[in-house]
Amino acid sequence: MNIAVIGTGYVGLVTGTCFAETGNNVICVDINEQKVKRLRQGEVPIFEPGLDLLFERNTKEGRLKFTTNLHEAVEHAQIIFLALPTPPGEDGSADLSYIMGVARDLGHIITDYKVIVDKSTVPVGTAEKVAAILAEKLPKKLFDVVSNPEFLREGVAVEDFLKPDRVVIGTRSEKARKLMKQLYEPFVRQGNPIYFMDERSAEMTKYAANSYLAARISFMNEIANLCEKVGANVDQVRIGMGSDSRIGKRFLFPGIGYGGSCFPKDVQALAKTASTYSYDFKILKSVMKVNGIQKGVLTKKIRKFYKNDLQGKTFAVWGLAFKPNTDDIREAPALVIIDELLQAGAKVQAFDPEAMKNVQAIYGDRIQFCQNMYDALHNADCLCIMTEWSEFRNPDFERMAGLLDEPVIFDGRNVYDLDQIKSLGFHYISIGRPKVKGKKSIGALAG
Ligand SMILES: NC(=O)c1ccc[n+]([C@@H]2O[C@H](COP(=O)([O-])OP(=O)(O)OC[C@H]3O[C@@H](n4cnc5c(N)ncnc54)[C@H](O)[C@@H]3O)[C@@H](O)[C@H]2O)c1
């Protein structure tokens, strides 16, 4: 099939590359000329494990192309994917201006039947709105608008796309359904389902899934906070809970709040949809409130430990990305914490395996960026772990203790085993678990 993907970001590039991998001819279009130039030169502009290999193979085979010209991209396409941004608007609702702008442009370009697919996360009713815009310029027989929300997770996006748990397709058109089924069949050979439903249900499914996952995280963060008060260990509670098959083991890890380009904005957008329909979605409001508070939990512990005096202290920070295996820093909790540290007069020496370039573009020289994880520890008062990258899991603890001014770790991701850390003599403060007091008296600071 001939496919066009409009918007070549995290979702668009993965979508386009994976459709090319299954033998389709794909043209990805983006308005960012610099990005398209880099893609044409064979450079993958984002970090996503496994993407570069597929990208290289399919561009070499001529199945994956890039352009800034919308007309060129969609001219011969049977299916057009919209993988455009839907950032939060001022009132929290999803900003649909990118989607509607492109829909308007498509109305001027399309001359034969095409399926236009909302791959972006869009509020209930958007497929109908896109169809209405197209219908201003085109006869209805020339297009169908389908909702096909994307469930990929950054960091494992390629794997998720190639082997999805399920594919959700919202359409009531038989013609569009057939084309979409044909396109997705190679991805579900192992028997995972393609669910066909109406457009509104498909749009709602995406928001319901993300909001539920965000709620699970906020719930566990509150359990962790309570564990600290009652003297329980959230690690043990999590294992005990998660082995119940009705609950499941995944997404029960407490930390410093959820971030990223999806959960914060999608929860907010669903709450806004609810209020538009005069529905008071109380749980969602709490999910957002809890998450906001959780992003401040680690700094609260840090402030308590240093008796509220962070002026002149040096903090080593491991991890900036909102989660491991991505360079995405959108809504990353690490940045909220760093902002507070800098504001309190502290110095930050940071390391992240992939996200430093993106952070540097915002912070410039307000943060010292380090070559590797150990460099960040040089003469630092303590270490703060913000993202659970694998390489932080088994460090050379002796070397760490030698580099840090004091062997103190604030761990926002519960990366280390408490017994191990105790035997190594670190002072260790994590989330929802008992504090480990260091062997050495930590100056006069230990709170
Ligand atoms: N990132 C994720 O993990 C993820 C997962 C599932 C769904 N989504 C949803 O997918 C959508 C896209 O997310 P993303 O993370 O890929 O965004 P992104 O910001 O990484 O990419 C969007 C791209 O669209 C381009 N663009 C903007 N206007 C354009 C136009 N008029 N024509 C062509 N290109 C244009 C931008 O230059 C950018 O490259 C959002 O709705 C998001 O909620 C994201």
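Counting convention: from 1, in listed order, for ligands and their atoms alike.
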Legend entry - ligand 1 to Asn32 polar contact by distance, N or O atoms, under 3.5 Å: no

Legend entry - side chain to side chain contact (heavy atoms under 4.5 Å, CB included) between Ile338 and Leu320, worked out: CA-CA 9 Å; Ile338 287 174; Leu320 299 167; 3.4 Å; yes

Legend entry - Sub-4.0 Å atoms of ligand 1 with respect to non-hydrogen atoms of Thr86: 40 (C), 41 (O), 43 (O)

Inset, instruction - Would you check the N or O atoms of Glu154, main chain and side chain alike, for any that come under 3.5 Å of an N or O of ligand 1? - result: yes

Legend entry - Residue and atom name of the nearest protein heavy atom (relative to atom 21 (O) of ligand 1), distance in Å to one decimal: Gly9 CA, 3.1 Å

Inset, instruction - Run the salt-bridge test on Asp144 and Arg177 with the 4.0 Å N-O cut-off and return the result as yes or no. - result: no

Legend entry - Location of contacts on Ser120 toward ligand 1, heavy atoms closer than 4.0 Å: both

Legend entry - Under 3.5 Å: donor-acceptor pair, side chain of Glu354, backbone of Asn325: no

Legend entry - Under-4.0 Å heavy-atom contact with ligand 1, by part of Leu84 that carries it: both

Legend entry - Identified ring-ring contact (aromatic ring centres under 6.0 Å, His included) partner of Phe397 from the options Tyr428, Tyr416, Phe392: Tyr416

Legend entry - Phe81 and Tyr184 aromatic ring geometry - parallel, tilted or perpendicular at 30°/60° bounds: perpendicular

Legend entry - Note: Lys357-Asp327 ion pair, threshold 4.0 Å (strictly below): no

Legend entry - Geometric N/O contact Lys119 with ligand 1, under 3.5 angstrom: no

Inset, instruction - Please say whether Arg153 places an N or O atom under 3.5 Å from an N or O atom belonging to ligand 1. - result: no

Legend entry - Selection from Ala83, Pro85, Gly7, Ala157 by shortest heavy-atom distance to atom 27 (C) of ligand 1: Pro85

Legend entry - Atoms of ligand 1, numbered as shown, that sit under 4.0 Å from any heavy atom of Lys35: 38 (C), 39 (O)

Which atom pairs, one a donor and one an acceptor, fall under 3.5 Å between side chains of residues 44-51 and the rest of the protein, sequence neighbours left out?
unit_1, atom_1, unit_2, atom_2, d
Glu48, OE1, Gly155, N, 3.1
Glu48, OE2, Gly155, N, 2.6
Glu48, OE2, Val156, N, 3.2
Glu48, OE2, Ala157, N, 3.0

Legend entry - Tyr98 N/O to ligand 1 N/O under 3.5 Å: no

Inset, instruction - Find all atoms of ligand 1 within a distance of less than 4.0 Å from any non-hydrogen atom belonging to Ile6, and give their numbers and elements. - result: 32 (N), 33 (C)

Inset, instruction - Out of Arg330, Glu150, Lys265, indicate the one that has the non-hydrogen atom closest to atom 43 (O) of ligand 1. - result: Lys265

Inset, instruction - Using a 4.0 Å heavy-atom threshold (strictly under), name the region of Ala94 that reaches ligand 1: side chain, backbone, both or neither. - result: neither

Inset, instruction - Looking only at protein heavy atoms, identify the closest one to atom 7 (C) of ligand 1 and say how far it is in Å. - result: Thr121 OG1, 3.5 Å

Legend entry - Identity and distance of the protein heavy atom lying nearest atom 38 (C) of ligand 1: Asp30 OD2, 3.4 Å

Inset, instruction - Indicate the atoms forming the closest heavy-atom contact of Val29 with Ala73, along with that distance. - result: CB-CB, 3.9 Å

Legend entry - Ala269 to Tyr207 - nearest heavy-atom pair and separation: CB-CE2, 3.7 Å

Legend entry - Protein heavy-atom partner closest to atom 32 (N) of ligand 1 - residue, atom, separation in Å: Ile31 CG2, 3.6 Å

Legend entry - Under-4.0 Å salt bridge between Glu185 and Lys181: yes

Inset, instruction - Look at atom 44 (C) of ligand 1 and say which protein heavy atom is nearest, naming residue and atom and giving the distance to 0.1 Å. - result: Val11 CG2, 3.2 Å

Legend entry - Salt bridge flag under 4.0 Å for residues Lys37 and Glu33: no

Inset, instruction - Provide the number and element of each atom of ligand 1 under 4.0 Å from a heavy atom of Tyr10. - result: 1 (N), 15 (O), 16 (O), 20 (O)

Inset, instruction - Report the distance from atom OG1 of Thr8 to atom CG of Leu39, rounding to the nearest 0.5 Å. - result: 6.5 Å

Legend entry - Worked check of side chain to side chain contact (heavy atoms under 4.5 Å, CB included) between Arg330 and Glu154: CA-CA 12 Å; Arg330 290 178 281 187; Glu154 283 177 23; 3.7 Å; yes

Inset, instruction - Could you tell me which atoms of ligand 1, counted from 1 in the order shown, lie closer than 4.0 angstrom to a heavy atom of Lys206? - result: 6 (C)

Legend entry - Heteroatom distance test (Val102, ligand 1): nitrogen or oxygen, under 3.5 angstrom: no

